[in-house]
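Residue numbering restarts at 1 for every chain, and letters A, B, ... go by the order of the sequence lines.
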There are 2 protein chains.
Amino acid sequence: MNSLTEENYLKALFNLAIENGEVSVNELSKHLQIKMPTVTSMMKKLAEKKLVSYESYKPLRLTEKGRREAALVIRKHRLTEMFLVEKMGFGWEQVHEIAEQIEHIHSPEFFEKMDELLGFPRFDPHGSPIPDKTGKMEWLHYSKLSDCKIGDTVRLAAVTHTSEDFLKFLNARELKLGLKIKIKTIESFDGSMLVSYGKHSSEHLSGLVCERLLVEKE
Amino acid sequence: MNSLTEENYLKALFNLAIENGEVSVNELSKHLQIKMPTVTSMMKKLAEKKLVSYESYKPLRLTEKGRREAALVIRKHRLTEMFLVEKMGFGWEQVHEIAEQIEHIHSPEFFEKMDELLGFPRFDPHGSPIPDKTGKMEWLHYSKLSDCKIGDTVRLAAVTHTSEDFLKFLNARELKLGLKIKIKTIESFDGSMLVSYGKHSSEHLSGLVCERLLVEKE
DNA sequence: TATTTGTATTAGTTTAATCTAACAAATATA
DNA sequence: TATATTTGTTAGATTAAACTAATACAAATA
């Protein structure tokens with residue numbers, strides 16, 4: 001059984017490793033806001049438990065076991081977010097912090113029941129896929145809005161950041177998952193865009209925002 | 001903000017102090033399965049925080065602040081148990097362990113929402129009163145079944161133990177809250193009873209079981 | 001009252017998870 | 001290539017929460 005702390009390290013490794021599977025001590029340290037020596041010693045501990053493959057001065061990598069256990073924590077997080085939104089009436093901007101705590105509850109039955117009541121959802125309220133009970137997660141083929149071209153019409157499929165502030169910003173502009181968005185102009189120097197969607201015929205989105213929106217091309 | 005550990009000490013003090021308000025280090029130590037020196041040092045810490053009044057070799061007592069904070073943890077526990085039973089379909093024998101973990105979640109909104117969805121319940125699935133947001137709890141005037149006389153007809157109002165084993169035992173005999181129970185005979189040497197209720201015209205209940213059932217006299 | 005028994009405290013150790021300071025290795029730059 | 005910068009590790013300290021062993025106090029009993 002992993003401690004709450006260990007679960008947080010595994011989760012962070014999983015999320016940071018999306019690209020190439022490798023994570024540096026420095027990255028992990030910054031992401032968790034924990035100093036590097038602490039991270040190094042935790043990596044040794046997780047390596048002992050066969051959850052991380054660790055060699056001095058080499059990049060970190062989850063083992064298959066580590067990846068599975070991380071995915072199961074993420075499963076609990078995402079099921080919780082979905083439950084909070086669908087069954088308890090929370091907004092998608094309110095659920096991250098609560099799920100951050102509930103993901104550490106040790107009770108398979110509790111999460112099984114959520115899954116069942118939700119009808120075995122495949123995605124959470126932010127569009128992220130929910131890993132299955134064995135830790136397998138279906139892979140997304142979404143693009144960043146920032147990688148699209150002028151004239152593209154795309155469907156908003158997911159957001160990569162789930163902080164309250166960012167989601168309130170999207171709420172204020174009625175930007176919801178599933179929306180069709182048309183790209184009118186792109187400012188090449190800062191990556192900002194002018195887009196239209198729903199009743200909004202002309203909204204300006206900064207480059208940062210465009211980076212955080214994942215879309216499906218038609 | 002109290003730690004999970006501190007919350008568990010407060011809760012234990014609250015529950016043990018039901019009788020006269022005083023608790024010994026020894027009692028608390030046994031209840032929590034933590035050795036006495038550890039308890040002593042935690043009491044000093046909680047006294048520093050003005051949650052417990054502590055003097056060497058004197059009985060322990062929660063301060064008003066301590067009582068309020070303990071009641072709020074118990075509120076979270078009982079709301080959770082009610083939510084698990086009423087909204088998620090768990091049996092009353094399954095909820096204690098899960099609530100034991102969820103009671104430590106720090107999110108007023110989460111428990112407010114539960115309360116609202118449940119319609120502001122006053123009792124949990126085991127018949128225990130749910131403290132209000134200010135930490136006030138209505139006081140029960142129930143009797144133990146073991147204190148009743150032959151011929152009494154009583155209503156089962158609450159159980160004082162919530163372990164899975166004990167509640168499964170009650171389930172197996174279809175003993176549920178609200179039932180009318182008639183006492184047919186009492187064995188004075190062991191306190192066991194022969195009772196009738198619902199479709200059960202003659203069930204034998206041990207003295208221990210009778211001690212754990214709280215009833216309302218008609 | 002003296003002694004035994006049970007209860008509580010003190011002192012010192014352990015483990016998990018954090019930190020800072022100092023040093024070492026790897027990478028980037030002049 | 002030599003040096004500077006960034007990244008990573010080692011060593012040692014700190015805090016919370018637990019422990020054991022030894023000691024002190026309080027209550028019960030002879």
Discussion item. Checking base pairs now: Watson-Crick or wobble, both atom distances under 3.5 Å. What partners C/dT10?
Written reply: D/dA21
Worksheet item: Rounded to whole angstroms, how far apart are CD on A/Glu22 and C1' on D/dT7?
Response: 15 Å
Fill in: Member of B/Arg78, B/Lys11, B/Arg75 meeting the salt bridge (Lys or Arg N to Asp or Glu O under 4.0 Å) criterion with B/Glu103
B/Lys11
Worksheet entry | Contact under 4.0 Å: B/Thr40 side-chain N or O vs C/dT9 OP1/OP2 | yes
Practice prompt. Classify the side-chain pair A/His96/A/Glu164 by whether it contains a donor and acceptor separated by less than 3.5 Å.
Written response: no
Practice prompt. Please determine, for the side chain of A/Pro37, which listed nucleotide (D/dT9, D/dT7, C/dA8) has the closest atom?
Written response: D/dT9
Practice prompt. Mind calculating the distance between CG (B/Leu28) and P (C/dT9) to the nearest angstrom?
Written response: 11 Å
Practice prompt. Indicate whether the side chain of A/Asn26 and that of A/Ser24 have a donor and an acceptor atom separated by less than 3.5 Å.
Written response: no
Practice prompt. May I have the distance from A/Lys44 (atom NZ) to D/dT9 (atom P), rounded to whole angstrom?
Written response: 7 Å
Discussion item. Using a heavy-atom cut-off of 4.0 Å across all strands, would you classify A/Thr38 as base, sugar-phosphate, or nothing?
Written reply: base
Item to complete: Please state how far atom CD1 in A/Ile34 lies from atom P in D/dT14, giving the value in whole angstrom units.
Response: 20 Å
Practice prompt. Give the rounded distance in Å between these two atoms: NZ of B/Lys35 and C1' of C/dG12.
Written response: 17 Å
Item to complete: Given salt bridge (Lys or Arg N to Asp or Glu O under 4.0 Å), test B/Glu93 with B/Lys168 step by step and report yes or no.
Response: CA-CA 6 Å; B/Glu93 79 284 3; B/Lys168 275 184 168 168; over 6 Å; no
Fill in: Distance, rounded to the nearest Å, where A/Met42 contributes CE and C/dA16 contributes P
10 Å
Worksheet item: Which residues satisfy the ring pair (Phe, Tyr, Trp, His ring centres under 6.0 Å) test with A/His104, sequence neighbours excluded?
Response: none
Worksheet item: Which is true for B/Ser41 with a 4.0 Å heavy-atom rule: it touches a base, it touches only sugar-phosphate, or it touches nothing?
Response: nothing
Worksheet item: Between D/dT6 atom P and A/Met36 atom CE, what is the distance in whole Å?
Response: 12 Å
Response to the item:
Atom CG of A/Leu32 and atom C1' of C/dC19 are separated, to the nearest Å, by 15 Å
Discussion item. Can you list, in residue-number order, the parts of residues 46-57 of chain A that come under 4.0 Å of DNA chain C, counting heavy atoms only?
Written reply: A/Tyr57
Worksheet item: Just checking B/Lys58: base, sugar-phosphate only, or nothing, at a heavy-atom cut-off of under 4.0 Å?
Response: nothing
Worksheet entry | Exam field: side chain A/Thr38 to backbone A/Ile34, donor-acceptor pair closer than 3.5 Å | no
Worksheet item: Can you check whether A/Gly91's main-chain N or O pairs, donor with acceptor, with A/Gln94's side chain at less than 3.5 Å?
Response: yes
